[in-house]
Chemist: 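Quick one: this structure, given as structure tokens, is what I'll be asking you about.
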Amino acid sequence: MRWLIKPPFLFKKDTSEARIYDDLRIFATMEVLQGNIVNIFEDSIFWGELILNEGRIFTIKNLGDEKAEEPYFLPGFVDAHVHIESSMLTPASFGRIALCHGTVGSVSDPHEIANVLGITGVNYMIDNASQTPFKVTFGAPSCVPATTFETAGAVIDSEGIEKLLRNPKIGYLAEMMNYPGVIYEDEEVMKKLEIARKMGKPIDGHAPGLRGEGAEKYFSNGITTDHECFTEAEALEKLKLGVKILIREGSAAKNFEALIPLAKEWSHQMMFCSDDKHPDELLKDHINSLVSRAIKAGIPLFEALRMASMNPVKHYGLDIGLLQEGDPGDFIQITDLKNFKVTATWINGEKVVEFGKSLLPEPKNSILNNFKAGDVMATDLKIISENPDTKINVIKVNEGQLVTDSFQVIPLSEGREIIADTEQDILKLVVHNRYSEAKPAVAFIHGFGLKTGAIASSVAHDSHNVIAVGTDDNSIADAINLVVREKGGIAAVAAEEMGVIPLPVAGLMSDKNAETIASDYEQIDKFTKTELGSVLAAPFMSLSFMALLVIPQLKLSDLGLFDGGKFEFKSLLEIQKN
């Protein structure tokens, strides 16, 4: 229920001409909403009025007991760690859809575009985001490039970090992925951390599987969060160190089920995040679904709500309201406290979503890029072994996880050439340098399940070279070349069919709206599963992480096979010893 207050109805006793004018000006802009008001500070719900004025909550009136049949007003949600680029949407397009699910803001690391375009890319994200009231707090990407074991498109050194952190639009030092650099006190890494500490900026962590003395040293350097925990034991150990743990549920990495039991005791130190979420899934839900799942898992209502709103707002110092008098008018309306279906969203007192649909105009997305790769030939992808006793080191994909395993196997060969073995699901994995002419790196991988064809993508964390997986060299070359010719995109190739979704913005994002890119992605995802045979829930997202060297165990960069546990290159071929 809502209405506008008529100014004569609310005049005060002071009837001077100036006071009457002020009352007219103030009250003419006020809006009153009635509903069940959820107070996450006092763990209470009451029937009341919200009075909005000039973008803020002017006052909140308690009118009595909760009315379960009426709508609820509560603070909007925050995605506590996300790479917007992974949605294939620009910030403005991402925000327009996230608001429909009650997410009013995000803590966003522009690390992906920074590895392609450096500070120019970060500035693009800030400028593009300004088209929407969605409240994005960007971080200064701490690891550009993420490692020295791959080719990236840019470098942001400690001087660049200081420059970024002085920008009021930059709120924190983004995830410090180079945890060996912290542990072994790399000079440039330590400079970046010191700059953030001196400026009083929060520092995000990234330490998958790191425990014991290594974890203690890593987090003792002012690093305060981690979103990479994939077991309850690991997360609990870090919580006891005082680390804020973010429960991640993205398109490929899904850690909710493993970590949510900890929230029964540690909710005050936990938040929700998506990290990487594809556009088709973003259209369906966002943080609201995690709140619903948390409550169904036994987490008390108010604790789950604080994890989704208050905790990130307080930790990062976000300019996001929490439904308190004087706060910015950032809140949502839902029908019930079980499913968290969002019917309306307000930002700074303005309704931007109604009946679950955006009221915002489509953004205008400009294009910039850094893409210099040329085509590859099928002959560039051949692996030859002169020794019949050769084994190969194979990457093993783990569904729902970024961490991989590895194993050795005697490969399938045709003469001296080692080829993919679809019967054993051992396929070729290729990374093609997109920033300069170079020979592609080739390895083998288990877990994609392709029976024919290939897929390729210019979204390949962290440097975003072109990555492909396939059953034969011709298909792999065709898929890579489709991406190359579009100067970025995702592609799938079968015997008689092929398709590509262009990603012209840095080879990472589309300039189209969310509905268009989501529909296109659903089609190519379905084609990859039904026609090519992929068994993964998110084959393209999973593929993008096979070049992510800072996540153990075995990955592939454009320079070769890489052991993420030892942080060193590893030979593809292993000669059996008698």
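All heavy atoms count here, side chains included; hydrogens, waters and symmetry mates do not.
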Chemist: Under a 3.5 Å cutoff, is there a donor and acceptor pairing between the side chains of D79 and S274?
Modeler: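 There is such a pair between these side chains.
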Chemist: Under a 4.0 Å N-O cut-off, is there an ion pair linking K217 with E213?
Modeler: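 Answer for the salt bridge query: no.
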Chemist: Hey, what do you get for CD (E85) to NE2 (H111), rounding to the nearest 0.5 Å?
Modeler: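 Going from CD on E85 over to NE2 on H111, the span is 9.0 Å.
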Chemist: Could you check L89 against K512 for side chain to side chain contact (heavy atoms under 4.5 Å, CB included), going step by step and ending with a plain yes or no?
Modeler: CA-CA 8 Å; L89 303 172; K512 303 294 191 297; over 6 Å; no
Chemist: Side chains of D478 and S475 only: does a donor on one sit below 3.5 Å from an acceptor on the other?
Modeler: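 Absent: no donor and acceptor within the cut-off.
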Chemist: Verify the neighbour count for atom NZ of K529: are there more than 12 heavy atoms of other residues, nucleotides or ligands below 6.0 Å?
Modeler: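 Yes, because the 6.0 Å sphere around NZ of K529 holds more than 12 heavy atoms from other groups.
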Chemist: Just wondering, do P91 and F134 contact through their side chains at under 4.5 Å, heavy atoms?
Modeler: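 Side chain of F134 against side chain of P91, heavy atoms only: no contact under 4.5 Å found.
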Chemist: Report the distance from atom OG1 of T137 to atom CD1 of I170, rounding to the nearest 0.5 Å.
Modeler: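 T137 atom OG1 to I170 atom CD1 measures 9.5 Å (nearest 0.5 Å).
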Chemist: Between R96 and E362, is there a salt bridge with N-O shorter than 4.0 Å?
Modeler: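 Between R96 and E362 there is a salt bridge, with a charged N closer than 4.0 Å to a carboxylate O.
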Chemist: Would you say N255 and R248 are linked by a side-chain donor-acceptor pair, where the criterion is simply a distance under 3.5 Å?
Modeler: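 On atom types as modelled, these side chains qualify, holding a pair under 3.5 Å.
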Chemist: Any donor-acceptor pair under 3.5 Å linking the side-chain atoms of T90 with those of N365?
Modeler: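 Note: N365 and T90 side chains meet the donor-acceptor criterion.
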Chemist: Quick one: does L164's side chain get under 4.5 Å of F138's, heavy atoms only?
Modeler: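 Heavy-atom side-chain distance check fails, nothing below 4.5 Å.
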Chemist: Can you tell me how far the CD1 atom of I467 sits from the CZ atom of F545, to the nearest 0.5 Å?
Modeler: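 These two atoms lie 11.0 Å from each other.
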Chemist: Is the closest basic N to carboxylate O distance between K439 and D380 below 4.0 Å?
Modeler: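 Looking at K439 and D380, the cut-off is not met.
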Chemist: Any donor-acceptor pair under 3.5 Å linking the side chain of N369 with the backbone of P504?
Modeler: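 Side chain of N369 to backbone of P504, a donor-acceptor pair under 3.5 Å: yes, one is there.
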Chemist: Using 4.0 Å as the upper bound for N to carboxylate O, is an ion pair formed by E234 and R211?
Modeler: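 Judged by the 4.0 Å cut-off on N to carboxylate O distance, R211 and E234 do not form a salt bridge.
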Chemist: Ignoring hydrogens and angles, state whether a donor on the side chain of D204 or T225 is under 3.5 Å from an acceptor on the partner side chain.
Modeler: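 Distance-only check passes for D204 and T225.
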Chemist: Only counting residues at least two apart or in another chain, list the ones meeting side-chain contact (heavy atoms from CB on, under 4.5 Å) with K169.
Modeler: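 Testing K169 for side-chain contact (heavy atoms from CB on, under 4.5 Å), a comparison that skips the adjacent residues, returns I126, N167.
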Chemist: How about Y521 and H278: are their ring centroids closer than 6.0 Å?
Modeler: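 They qualify: ring centres under 6.0 Å apart.
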Chemist: Just wondering, do F527 and L532 contact through their side chains at under 4.5 Å, heavy atoms?
Modeler: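 In contact.
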Chemist: Between I490 and M88, is the side chain to side chain contact (heavy atoms under 4.5 Å, CB included) condition met? List the steps.
Modeler: CA-CA 10 Å; I490 62 174; M88 304 183 202; 3.9 Å; yes
Chemist: Cut-off 3.5 Å, side chains only: do T390 and N387 have a donor facing an acceptor?
Modeler: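 T390 vs N387: no donor-acceptor pair found between side chains.
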Chemist: Might you confirm whether atom CZ of F407 has over 12 heavy atoms from other residues, nucleotides or ligands at distances under 6.0 Å?
Modeler: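 More than 12 within 6.0 Å, yes.
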Chemist: What is the ring orientation for Y218 with Y179, classed by angle as parallel under 30°, tilted 30 to 60°, or perpendicular over 60°?
Modeler: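 Y218 and Y179: perpendicular rings.
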Chemist: When you check the side-chain N and O atoms of S463 and E150, is any donor under 3.5 Å from an acceptor?
Modeler: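 Yes, side-chain donor-acceptor contact under 3.5 Å.
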Chemist: Counting C-beta onward and ignoring hydrogens, is there a side-chain heavy-atom pair between I455 and I524 closer than 4.5 Å?
Modeler: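 Contact flag for I455/I524 side chains = no.
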Chemist: Just checking, is any N or O donor in the side chain of Q553 or D405 under 3.5 Å from an acceptor N or O on the other one?
Modeler: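 Distance-only check fails for Q553 and D405.
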Chemist: Below 6.0 angstrom between ring centroids: does that apply to F567 and F562?
Modeler: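 Under 6.0 Å, so yes.
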Chemist: Name every donor-acceptor pair, under 3.5 Å, that has one atom in a side chain of residues 482-489 and the other anywhere in the protein, sequence neighbours excluded.
Modeler:
unit_1 : atom_1 : unit_2 : atom_2 : d
R485   : NE     : D375   : OD2    : 3.3
R485   : NH2    : D375   : OD2    : 2.8

Chemist: Less than 4.0 Å between a side-chain N and a carboxylate O, is that true for K191 and E159?
Modeler: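 Answer for the salt bridge query: no.
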Chemist: Who pairs with E417 by salt bridge (charged side-chain N to carboxylate O under 4.0 Å, His left out), at least two apart in sequence or on another chain?
Modeler: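 Applying salt bridge (charged side-chain N to carboxylate O under 4.0 Å, His left out) to E417 gives K382.
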Chemist: Side chains of N370 and T120: does their closest heavy-atom pair fall under 4.5 Å?
Modeler: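 No, every pair of side-chain atoms sits at 4.5 Å or beyond.
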Chemist: Report yes if the side chains of R293 and E249 come closer than 4.5 Å at any heavy-atom pair, otherwise no.
Modeler: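 Contact flag for R293/E249 side chains = yes.
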